[in-house]
Asks: 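Structure below; questions to follow.
Residue numbers start from 1 in every chain, and the chains themselves are labelled A, B, ... in the order their sequence lines are given, proteins ahead of strands.
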Number of protein chains: 2
Amino acid sequence: MNQPSPLNLDLQICRSLYSAANALIRAYRPLLEPLDLTYPQYLVMMALWEHDAVSVKTICDRTRLETGTVTPLLKRLEGKDLILRERSQEDERQRVIRLTRQGRDLKSRAERVPMEMACMELLTPKQGLELQRLSEALYRNAVARTDDKGTA
Amino acid sequence: MNQPSPLNLDLQICRSLYSAANALIRAYRPLLEPLDLTYPQYLVMMALWEHDAVSVKTICDRTRLETGTVTPLLKRLEGKDLILRERSQEDERQRVIRLTRQGRDLKSRAERVPMEMACMELLTPKQGLELQRLSEALYRNAVARTDDKGTA
DNA sequence: TAAAATATTATTGTGTGCAATTATATCGTG
DNA sequence: CACGATATAATTGCACACAATAATATTTTA
C-alpha cells in the first residue's frame with residue numbers, strides 16, 4: 001500500500017481551516033460593504049453594541065484580535081465617526097471606547113448581516129454548530145498551550 | 001425567555017473559525033521558524049515537494065492562496081534560494097516555479113512539522129478529521145457561490 | 001516608602017490576503 | 001487572417017495579523 005506523506009497537502013487540516021475561514025470572510029464582504037465595514041471592524045462593532053464604553057483590552061478579549069490589529073482598526077472606526085476613543089479617568093493607561101450616535105444607529109442595519117449569511121446556506125445549522133464547537137475546542141486548546149489567556 | 005441577538009458575538013461561527021485558524025497558524029510558528037518559513041510559505045513548499053516545476057496558477061490552486069499573495073511570497077522564497085522562477089517556453093505568460101537543491105533538501109527537516117503539531121494534541125484525531133470535513137464543505141460551498149472555481 | 005514588576009496602549013516592521021487593475025500572451029470566433 | 005475575448009502573472013493600494021518593542025501608568029514587593 002502506498003502511504004501518503006504527512007506533508008500531503010490534502011491531509012493538512014490547517015489548510016482546510018485557514019482557507020475556509022478566509023472564504024467565509026470573503027462571503028461577508030458584500031454584505032458589510034454597504035455598512036462600510038470590514039469583517040474585523042464588524043466584530044469590533046458587535047462587541048461595542050453588546051457592551052459600550054469598554055477598554056481596548058476588553059475589545060481584544062471579546063473579538064479575539066490582538067492590540068496591534070485593534071489599535072489602528074479603532075482609529076479607522078473613529079475616523080468614520082462610529083466611535084470615540086477617550087482616556088479613562090480611573091486609569092490613565094486605558095482608553096474608553098465609546099459608540100457615537102452613528103455607531104449606535106448602524107446596529108439596526110447590521111442586524112440583516114447574520115440573516116443574509118444564513119440565506120447563503122454555506123452549511124446546515126447542524127453543521128454550523130458542529131463546526132463552531134470544534135473550532136472553539138481548537139481555539140481554547142491552542143490558546144491554553146501558549147499561556148493562560150482564558151477568554152470568552 | 002430572553003432571546004439572544006443574532007449579533008451576539010458568541011453566536012458567530014465566523015469568529016470561532018477565524019480565531020481558531022489564526023490560533024492554529026500561530027501554533028505552527030515555532031516549528032516553522034527553524035526552517036525560516038511562514039505558514040503560507042510552508043504551504044507553497046509542500047505543493048512543490050509534491051509536484052515540482054509548476055505554474056503560479058497551479059500553486060495558487062493547490063494552496064488556495066491568491067496570486068496577489070503568492071507572487072510576492074514566491075519572490076521571497078526565491079530570495080532564500082529555495083526556488084527558481086523561470087519563464088515557460090510553451091506559454092510566455094506563465095512561470096515555471098522550480099525547487100532548488102536547498103529547497104528539495106528542506107523537505108526532510110519539514111517532515112517533523114506535522115508530527116510535532118500532532119504532539120500538541122490540540123484536537124483528537126477524530127475531531128481533526130471532523131473539523132476538516134466541515135471546513136472542506138464550507139470552503140467548497142463558499143467558493144461555489146462566487147464562481148465555478150472547483151479546486152482540489 | 002521606594003523600587004521592581006506588571007499592565008495598558010501604541011508603535012515598528014514584516015508578511016499576508018484580496019479587490020481592482022495592468023501588461024502581455026494566447027485562444028476563440030467570424 | 002484579424003480582432004475580440006480570455007488567461008497568466010504582476011502590481012497597486014488598503015486592511016489586517018502578529019512578534020517585538022516602547023512609553024507611561026499602576027500594582028506589588030521588600
Side-chain angles (χ1 to χ4, degrees), chain A residues 14-15 18-30 32-33 36-44 54-61 63-80 85-97 142-143 146-147 149, chain B residues 14-15 18-30 32-33 36-44 54-61 63-80 85-97 142-143 146-147 149:
Chain A
C14 196
R15 186 191 66 155
Y18 193 54
S19 55
N22 285 335
L24 189 51
I25 301 289
R26 283 201 298 278
Y28 269 90
R29 230 173 234 128
L32 294 174
E33 197 210 5
D36 189 26
L37 295 176
T38 63
Y39 180 75
Q41 288 172 11
Y42 170 64
L43 270 189
V44 169
V54 291
S55 68
V56 175
K57 184 177 188 308
T58 298
I59 292 175
C60 290
D61 289 343
T63 57
R64 299 177 180 170
L65 301 172
E66 305 258 343
T67 170
T69 303
V70 167
T71 295
L73 186 155
L74 290 174
K75 284 179 180 176
R76 282 188 290 272
L77 288 180
E78 189 176 38
K80 293 175 184 177
R85 297 187 310 133
E86 297 166 342
R87 275 290 164 198
S88 165
Q89 285 174 23
E90 281 86 20
D91 180 341
E92 290 195 14
R93 294 172 300 182
Q94 295 199 354
R95 294 268 184 182
V96 179
I97 310 298
V143 166
T146 54
D147 59 41
K149 231 189 239 181
Chain B
C14 195
R15 185 191 66 156
Y18 191 54
S19 56
N22 285 336
L24 190 51
I25 301 289
R26 283 200 299 278
Y28 268 91
R29 231 173 235 128
L32 294 174
E33 198 210 6
D36 190 24
L37 295 177
T38 63
Y39 180 75
Q41 288 172 10
Y42 170 64
L43 270 190
V44 168
V54 290
S55 67
V56 174
K57 186 178 187 310
T58 299
I59 292 174
C60 290
D61 289 344
T63 58
R64 298 176 181 172
L65 302 171
E66 308 259 2
T67 172
T69 304
V70 166
T71 295
L73 185 156
L74 289 174
K75 283 179 182 175
R76 281 188 290 273
L77 287 181
E78 189 176 40
K80 294 176 184 177
R85 299 189 309 134
E86 299 167 342
R87 275 290 162 197
S88 166
Q89 285 175 24
E90 282 86 21
D91 180 341
E92 289 193 15
R93 296 171 300 181
Q94 295 200 354
R95 294 268 185 182
V96 179
I97 310 298
V143 166
T146 54
D147 59 40
K149 229 187 239 180

Asks: Could you check whether any side-chain N or O of A/Arg87 sits under 3.5 Å from a backbone N or O of A/Glu92, counting only pairs where one atom can act as donor and the other as acceptor?
Replies: yes
Asks: Just by modelled atom types, is the A/Arg85 backbone N or O under 3.5 Å from a matching donor or acceptor in the A/Arg95 side chain?
Replies: yes
Asks: Is there a donor-acceptor pair closer than 3.5 Å between any side-chain N or O of B/Lys80 and the backbone N or O of B/Asp36?
Replies: yes
Asks: Counting the atoms with a prime plus P, OP1 and OP2 as sugar-phosphate, which does A/Ile25 contact under 4.0 Å by heavy atoms, base, sugar-phosphate, or nothing?
Replies: nothing
Asks: Can you tell me the distance, in whole Å, between the NZ atom of A/Lys57 and the C1' atom of C/dT6?
Replies: 12 Å
Asks: Is the backbone of A/Val54 close enough, under 3.5 Å, to the side chain of A/Thr58 for a donor and an acceptor to pair up by distance?
Replies: no
Asks: Rounding to a whole Å, what distance do you find between A/Leu74:CG and D/dA15:P?
Replies: 14 Å
Asks: OG1/A/Thr69 to CD1/A/Ile59 distance, rounded to the nearest 0.5 angstrom?
Replies: 13.0 Å
Asks: For A/Val70, is there any backbone N or O sitting under 3.5 Å from a side-chain donor or acceptor partner on A/Lys75?
Replies: no
Asks: Is there a residue in residues 86-96 of chain B whose heavy atoms reach under 4.0 Å of DNA chain C, and which residues are they?
Replies: B/Glu90, B/Asp91, B/Glu92, B/Arg93
Asks: For the pair made of CG in A/Leu32 and C1' in D/dA15, what is the distance, rounded to whole Å?
Replies: 14 Å
Asks: Output all residues satisfying salt bridge (Lys or Arg N to Asp or Glu O under 4.0 Å) with B/Arg76, sequence neighbours left out; order by chain, then residue number.
Replies: none
Asks: Taking only side-chain nitrogens and oxygens of A/Lys75, does any of them come within less than 4.0 Å of OP1 or OP2 of C/dT11?
Replies: yes
Asks: Send over the distance from B/Lys80 NZ to C/dT14 C1', rounded to a whole Å.
Replies: 11 Å
Asks: Is a side-chain donor or acceptor of B/Tyr39 paired with a backbone partner of A/Arg15 at a separation under 3.5 angstrom?
Replies: yes
Asks: With 3.5 Å as the limit, what N/O pairs link the protein to nucleotides 18-22 of chain C?
Replies:
| from | atom 1 | to | atom 2 | distance (Å) |
| --- | --- | --- | --- | --- |
| C/dC18 | OP1 | A/Arg26 | NH1 | 2.4 |
| C/dA19 | OP1 | A/Arg29 | NH1 | 3.2 |

Asks: Rounded to whole Å, how long is the line connecting atom CD1 of B/Ile59 with atom P of D/dA10?
Replies: 10 Å
Asks: Got A/Ile97 and A/Ser55 here, is their nearest side-chain heavy-atom distance under 4.5 Å?
Replies: no
Asks: According to a strict under-4.0 Å criterion, is B/Arg85 in side-chain N/O contact with OP1 or OP2 of D/dA9?
Replies: no
Asks: From OH of B/Tyr42 over to C1' of C/dT16, roughly how many Å is that when rounded to an integer?
Replies: 18 Å
Asks: To the nearest angstrom, how far is A/Glu78 atom CD from C/dT9 atom C1'?
Replies: 14 Å
Asks: Can you check the A/Ile97 CD1 to C/dT8 C1' distance for me, whole Å?
Replies: 12 Å
Asks: For a quick test of reading the model: is some side-chain N or O of B/Thr38 closer than 4.0 Å to OP1 or OP2 of C/dT16?
Replies: yes
Asks: Looking only at side-chain atoms of A/Arg76, point me to the closest of C/dT16, D/dA10, D/dA15.
Replies: D/dA15
